Amino acid sequence: MFDKVLIANRGEIALRVHRACREMGIKTVAVHSTADANAMHVRLADESVCIGPPPARDSYLNVAAILSAAAITGADAIHPGLGFLAENADFAATVEEHGFSFIGPSPEHIRLMGNKVAAKEAARRLGIPTVPGSPGAVRDLAAAEASARAIGYPVLIKASAGGGGRGMKVARNAPELARLLPVAQNEATSFFGCGEVYLERHLDRPRHIEIQLLGDGLGGIIHLGERDCSLQRSHQKLLEETPCPVLNCAERERLTALAAAALAELGYRSAGTLEFLYQDGEFFFIEMNTRLQVEHPISEMVSGIDIVREQLRIAAGAPFGYRQSDVNLCGHAIECRINAENPDTFLPSPGRVTDYHPPGGLGVRVDSALYDGYEVPPYYDSLISKLIVHGKSRNECLMRLRRALEEYVIGGIDTTIPLHQRLAVATEFIDGDYDIHWLEDFVSRPP
Amino acid sequence: MFDKVLIANRGEIALRVHRACREMGIKTVAVHSTADANAMHVRLADESVCIGPPPARDSYLNVAAILSAAAITGADAIHPGLGFLAENADFAATVEEHGFSFIGPSPEHIRLMGNKVAAKEAARRLGIPTVPGSPGAVRDLAAAEASARAIGYPVLIKASAGGGGRGMKVARNAPELARLLPVAQNEATSFFGCGEVYLERHLDRPRHIEIQLLGDGLGGIIHLGERDCSLQRSHQKLLEETPCPVLNCAERERLTALAAAALAELGYRSAGTLEFLYQDGEFFFIEMNTRLQVEHPISEMVSGIDIVREQLRIAAGAPFGYRQSDVNLCGHAIECRINAENPDTFLPSPGRVTDYHPPGGLGVRVDSALYDGYEVPPYYDSLISKLIVHGKSRNECLMRLRRALEEYVIGGIDTTIPLHQRLAVATEFIDGDYDIHWLEDFVSRPP
Amino acid sequence: MKIGGRGPPFPDADLIRTLAALLAETGLSEIEYAVGDRRIRVARVPGGPNPGTVAESPAPARAAAVEHPGALKAPMVGTAYLAPQPGHPPFVRLGDSVAEGQPLLIIEAMKVMNHIRAPRPGRVTQILVADAQPVEYGAVLMLIE
Amino acid sequence: MKIGGRGPPFPDADLIRTLAALLAETGLSEIEYAVGDRRIRVARVPGGPNPGTVAESPAPARAAAVEHPGALKAPMVGTAYLAPQPGHPPFVRLGDSVAEGQPLLIIEAMKVMNHIRAPRPGRVTQILVADAQPVEYGAVLMLIE
C-alpha cells in the first residue's frame with residue numbers, strides 16, 4: 001500500500017480522499033492555491049504545499065507544480081479527485097512517467113472515453129445500446145423514411161453542421177417526417193450554410209440513470225447498482241438517489257450486467273460510471289466518466305463499500321476482497337448537493353460562513369469542507385456540501401432528508417438548502433415522477 | 001401512530017428522540033428547565049414548555065410539571081429518554097393513568113427489574129444464570145467447603161452485613177478457604193458487629209456484555225446482538241463496541257437466545273437490555289435496564305434498526321415488521337462518550353462552547369446537542385456528545401475512529417476527546433484485551 | 001414558550017387583547033406571532049388610538065417584564081384562568097389596587113386549581129396572560145407595582 | 001507550508017540559521033517549529049548576543065516579509081538551491097549588494113533548474129530559505145532592499 005498520497009484537488013472531494021487515506025494509514029499531502037491556504041483539507045493533511053495563485057489553470061490545473069509538490073514531499077501516488085485533472089489522460093500518463101502511481105484508470109481508457117464519438121463506438125462494440133440514429137446524413141425522403149423505420153418514431157431531425165438545438169425538428173410519424181424534412185433542411189442551410197441532416201431517436205422525457213462500477217484492471221468488475229441523476233438544472237445535477245424509484249428488477253439486472261460485462265471486456269481499472277438515458281423501458285448509453293463522481297456517496301451508503309478506499313487499493317495492485325454476490329444493496333440513499341448559490345436566482349454566493357451546524361444522528365452523512373468562519377472563495381465551483389441520507393426504504397429516507405435539511409445551518413451566504421427543502425416535499429419528487437426536464441420546470445415555479 | 005410526543009428529557013437523548021419522531025411525522029414537545037431554554041432540543045421541537053428551575057428534582061424529575069405540560073400542549077404520548085424518570089415505575093403508571101401513552105415498558109416490568117434482588121430471582125426463574133453463591137450464610141467450614149464445591153473456586157467470602165468491599169476475601173481453593181474463613185468472620189464481626197458470611201463465585205477479570213432487545217409486548221422479541229461495555233471508569237461506561245471482540249459465535253448465539261427467550265416469557269414491551277458479566281466462557285446476569293441506553297446507537301449501526309423508532313411503533317401498538325431472521329448484524333461499531341470533563345482529572349468542565357466542528361464522512365455518526373456558542377450548564381450530567389463510527393471490520397472501525405477523533409473540534413471547555421484519542425491507539429484496546437478493571441488502570445498511567 | 005397545542009378556538013380574542021396591550025406598552029407598530037400553523041399579526045398605525053400607557057422605553061416587553069421588580073411569575077406549568085368560574089368577572093382588572101394575599105388568578109395543573117395570590121400590595125399595571133391560556137414555569141403573568 | 005517529506009539530515013544547520021535570523025529580526029525570544037515528527041526550538045535569552053538588526057516591530061516575521069516591498073517570492077513549487085553546484089559558494093550572502101538580473105538562487109522543478117534573478121538592484125537583507133529545502137508557491141525567499 002502507498003505511504004503517502006498527494007491529493008490534487010480541493011474542497012469536499014479533497015477532504016473525502018484525505019479521509020479514505022487516513023483510514024488506511026496513508027499520509028496525505030494537500031496542494032492548494034493561495035486562495036485555499038485555510039481550507040479544511042489543508043488543515044487536516046499531514047503536509048501541504050501552496051502550488052499557485054487562485055486561478056485554477058495556475059494551481060489545480062498546473063501539472064508541473066503538482067508534480068513538483070509530489071517530488072518535494074516524497075509522495076508515491078496522486079489522487080486527482082474529480083474535475084480539474086481527473087479526466088486528463090495526458091496528466092495520468094505524465095504522473096506515471098514521473099514514477100508516481102495515478103489513482104484512477106489507465107490513460108488509454110481515459111482517452112478513449114474522453115472522446116464522445118469514440119466512446120459511443122466502443123459502447124456499441126461492447127454491446128451497449130446507444131441512441132439509435134441514421135448511419136450518416138439522409139439525402140432524401142425515401143432514405144429518411146427507411147432510416148426512421150429502422151430507428152423507430154419519434155425521430156429527431158438534426159443538422160449535421162448544427163449545435164445548440166437549433167434547426168432540430170421532431171417527427172412523430174411518417175407524414176410528419178415528410179412535412180418536416182424539407183423545413184429542417186432549409187433551416188439547416190440558412191443557419192449553418194449546409195442543408196445536410198441526419199436522424200436520431202427522439203427521447204422527450206428521459207431519465208438520467210448511471211451505473212457505478214469498480215474494476216481491478218485484470219478483468220474483475222464489481223457494480224454497485226444504479227443512481228438516478230435526473231434532477232438537473234442547466235446540466236448540473238442537484239439531487240441524486242439510489243435505487244432509481246422507477247426501475248424494475250429485470251431492467252436493473254439487465255443494465256448492470258451489460259455494464260459490468262463491457263468494462264470486464266475493456267479490462268477497466270478503478271472507479272467508473274456508465275451514464276444512460278432511460279425511457280419507456282429502454283436504455284441508451286450517453287457517456288462514461290472515468291473517475292470518481294460527486295454522487296458516489298449514495299452508492300457507498302447502500303452497498304457499504306468505500307469507493308475511494310477501493311480506488312486506493314486497486315491502484316496499489318490489491319485484488320477485490322469480495323465478489324459481486326457479496327455486494328448487498330440495502331435501503332435507499334439520497335444526496336443533496338448544497339451549493340453556495342441563491343436558491344431562486346442561482347447566482348453564486350461566495351463569502352464568509354458565519355454559522356455552521358451540520359445535521360447529525362442516524363442515517364445522516366455530511367461530506368463538506370465548510371467550517372464556521374470559512375471564506376468560500378469566488379474562484380471555484382459552488383458545491384460546498386453534500387448531505388447524504390440513508391434509510392431502509394425510500395419513504396424513510398425522504399422523512400430523514402426533511403429532518404436533516406431542517407437541522408442544517410449555514411449562515412452568512414446563500415445556499416441551495418431552501419430549494420432542497422421545497423424539493424423534498426414536492427409531490428412529483430415524492431412519487432418519483434420526474435425526468436431530466438422536470439427540475440427546470442420546478443425551479444421556475446413561484447416558491 | 002401518535003400525533004404529538006412530549007420528550008421528558010434533555011441533551012443529546014432528547015434530540016435523539018426528537019429526530020425519530022420527526023422522521024415519523026410526529027410533532028414534538030420539548031420540556032426544559034430555565035437552564036436549558038436555549039438547548040438544541042428546545043430549538044428544534046415543534047413546541048416547548050419551561051417546566052421549572054435548573055435543579056432536576058424541580059424540572060426533569062417534576063412529574064406534575066411534565067404531565068401539566070403534556071396536558072396544555074395536547075401531547076398523546078411521553079417518551080422518558082434515559083435517566084431521570086425513565087426507570088421510574090410510578091411515573092410510567094401515572095402517565096398512563098392520565099391518559100397518555102408511556103413510550104417504554106409496562107410499569108410492572110420496570111418495577112420488577114428495578115429491584116435487584118427480585119430481578120435476579122426473576123432471571124433465575126427464567127433460566128438465566130446469575131453469579132453463583134451460597135443459598136444463605138455459611139455457618140462453619142464444612143458448610144463453606146460444601147458450598148464452595150457447588151459454586152466453584154475461586155470464591156469470594158462476603159460479610160452478610162457488609163458493603164463497600166470491606167471484609168471480603170478471595171479463596172482460590174479449599175486450603176485457602178479453611179485459612180480465610182475465620183479471618184473473614186473475625187473481620188465481619190469487628191467491621192459490622194456480626195460475623196455472618198456467605199460465599200459467591202469470584203470473577204477477577206470479567207467483561208461487561210449486554211444484549212439489546214426489543215419486545216412487542218405480545219411475546220414477540222427481537223435481539224440486536226451484544227455490546228461490550230467493559231471500558232468503564234467509576235462505573236461509568238466510556239466507550240462501547242459491538243460485536244464484543246472476544247465472544248465466539250456459539251457463545252453469542254447461546255446468550256442472545258437465552259435473553260430473547262426470557263423476555264418472550266415475560267411478554268416484555270419496548271427496548272430493554274440484559275446486562276451480564278462474562279469470564280472464561282460463562283455469563284452471569286447482573287441486571288436489566290428497562291429503557292433506552294446511551295450506547296444504543298452502536299446496535300443501530302450494525303443492525304440498521306432505529307431503536308427509538310421501534311419504541312414509538314411498539315408503544316403505538318404496531319407489530320414488528322420483520323423477524324429475527326431478517327436482522328443482519330453487519331460490521332463493527334464503536335461509540336465514544338464525549339464528556340465535558342478534564343481528560344486527566346475527570347473534573348467537570350461546564351461553560352461556553354467557543355468552537356464546534358463535528359467530524360463527517362462515511363461511517364461517522366454524531367449524536368450531540370452541542371452547537372457553537374452553547375453554554376454547557378453545570379446542573380446535569382457531563383455527556384455532551386456521542387461519536388459513533390461504523391466499519392466493515394473492527395480494524396476499519398478503529399481506523400475510522402482515529403480519523404474522526406482527529407477531526408472533532410470542541411473548543412472552550414475540556415472534553416474527554418484526548419482520552420479517547422489515547423485509548424484508540426492503546427495496544428490492549430486494539431487487541432480487545434480488556435476487562436472491566438482495565439480502563440481504571442489505563443487512565444491512571446501517565447499520558 | 002412555543003405552544004401549538006389544543007387551546008381556545010382561533011382567533012382568540014384574549015390573545016389579541018394581550019398583543020394589543022403589548023403593542024401599546026412597547027410603542028411597536030406591529031407584532032407578528034406564530035405558533036405551529038397558527039399565525040396572528042396585530043398592528044396599529046402611528047398616531048392611531050392608543051388606549052394604553054405611552055411606553056417610556058421601546059425595549060422588548062417580555063424581557064423587560066421578566067426583570068421587573070413587580071413581575072408576578074408562574075410558579076408552575078399549567079393553564080391560567082383570570083376568573084374564578086367561566087363567565088364570572090375576573091379576579092382583577094388592569095389598574096386595580098390589590099392587597100397582599102388577594103387572589104389574582106388560578107393556574108390549573110394536574111386537575112388542581114392553584115390560586116395565585118398577590119405577594120405584596122400594589123396596583124396591577126400589566127396583565128400579560130390571557131384567560132384559559134397555557135403558561136410555562138417562570139412566565140410573567142402580571143406586573144404589580 | 002507544512003512539509004514532512006524527504007529533506008537534508010536533521011538537525012539542519014541552515015534551518016537553525018534561518019530561525020536564528022528570524023528571532024533577531026522579530027525580537028522574539030523563542031521559536032518552536034515542528035514538521036511531521038521533526039521538531040526544532042530556538043531561543044535567545046533577552047540581553048544575550050544579537051547579531052542581527054534590532055527589530056522595529058515584533059510582528060510575525062513571515063507575514064511581515066510577505067508584505068515587504070523587497071520580498072522575493074518563489075514563482076513556483078520546487079527545491080531551492082543557494083549555490084550553483086553542491087559544495088560551491090552561494091550565489092549571494094547576507095548583506096551582499098546585487099545588480100538587477102543577478103542570479104540569487106535556483107529552484108528545481110520537474111528536473112529543470114530555474115535561475116531566480118534579482119528583479120532590481122539592492123542589498124540582500126534577509127535570506128529566508130535554506131539550501132536544498134523545498135519551497136512552495138509564493139514563499140518569501142529573500143528580502144532585497
Side-chain angles (χ1 to χ4, degrees), chain A residues 2-8 10 18 21 26-39 41-78 90-91 94-95 97-100, chain D residues 1-10 12 14-15 18 33-40 60-68 71-82 86 105-116 128-141:
Chain A
F2 306 117
D3 280 334
K4 192 187 282 187
V5 166
L6 183 141
I7 303 164
R10 64 176 302 281
H18 164 81
C21 289
I26 300 170
K27 289 195 275 298
T28 56
V29 179
V31 295
H32 63 90
S33 74
T34 51
D36 280 337
N38 295 318
H41 73 287
V42 176
R43 291 162 62 142
L44 289 174
D46 292 285
E47 302 174 38
S48 68
V49 180
C50 178
I51 52 167
R57 67 176 175 280
D58 299 324
S59 48
Y60 298 107
L61 293 170
N62 183 342
V63 174
I66 290 166
L67 291 174
S68 294
I72 65 174
T73 55
D76 37 27
I78 295 179
D90 293 341
F91 176 66
T94 307
V95 165
E97 281 157 21
H98 280 73
F100 304 105
Chain D
M1 177 167 60
K2 45 174 181 178
I3 295 186
R6 297 159 197 163
F10 203 75
D12 176 348
D14 283 310
L15 179 56
T18 303
Y33 179 83
V35 176
D37 52 359
R38 296 161 55 168
R39 181 175 296 274
I40 190 163
R62 284 283 171 155
V66 168
E67 303 300 325
H68 196 287
L72 177 75
K73 296 183 191 178
M76 65 194 68
V77 182
T79 304
Y81 295 101
L82 296 178
L105 76 165
I106 283 169
I107 296 180
E108 181 190 354
M110 305 281 290
K111 318 284 180 208
V112 176
M113 298 295 174
N114 302 281
H115 280 75
I116 310 300
L128 295 159
V129 65
D131 191 52
Q133 284 294 303
V135 294
E136 63 186 340
Y137 173 84
V140 180
L141 306 168

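Residue numbering restarts at 1 for every chain, and letters A, B, ... go by the order of the sequence lines. Please read these numbers as outputs of a predicted model, since none were measured by experiment.
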K111(D) side, atom NZ; S68(A) side, atom OG - distance, nearest 0.5 Å: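 With rounding to 0.5 Å, NZ (K111(D)) is 9.5 Å from OG (S68(A)).
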Interatomic distance, T73(A) atom OG1 to E136(D) atom CD [nearest 0.5 angstrom]: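 With rounding to 0.5 Å, OG1 (T73(A)) is 11.5 Å from CD (E136(D)).
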Leading residue by heavy atom contact count with chain D [cutoff under 4.5 Å; candidates I51(A), V31(A), I66(A)]: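 Top count of heavy-atom pairs under 4.5 Å with chain D: I51(A).
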Per-residue contacts, residues 56-65 of chain A versus chain D, heavy atoms under 4.5 Å: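 So the qualifying residues are A64(A), A65(A).
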Which portion of M76(D) sits near chain A, non-hydrogen atoms under 4.5 angstrom: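 Looking at M76(D), nothing touches chain A.
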For the student: nearest non-hydrogen atoms of I72(A) and T79(D), plus distance: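 Heavy-atom minimum between the residues: CG2-OG1, 3.3 Å.
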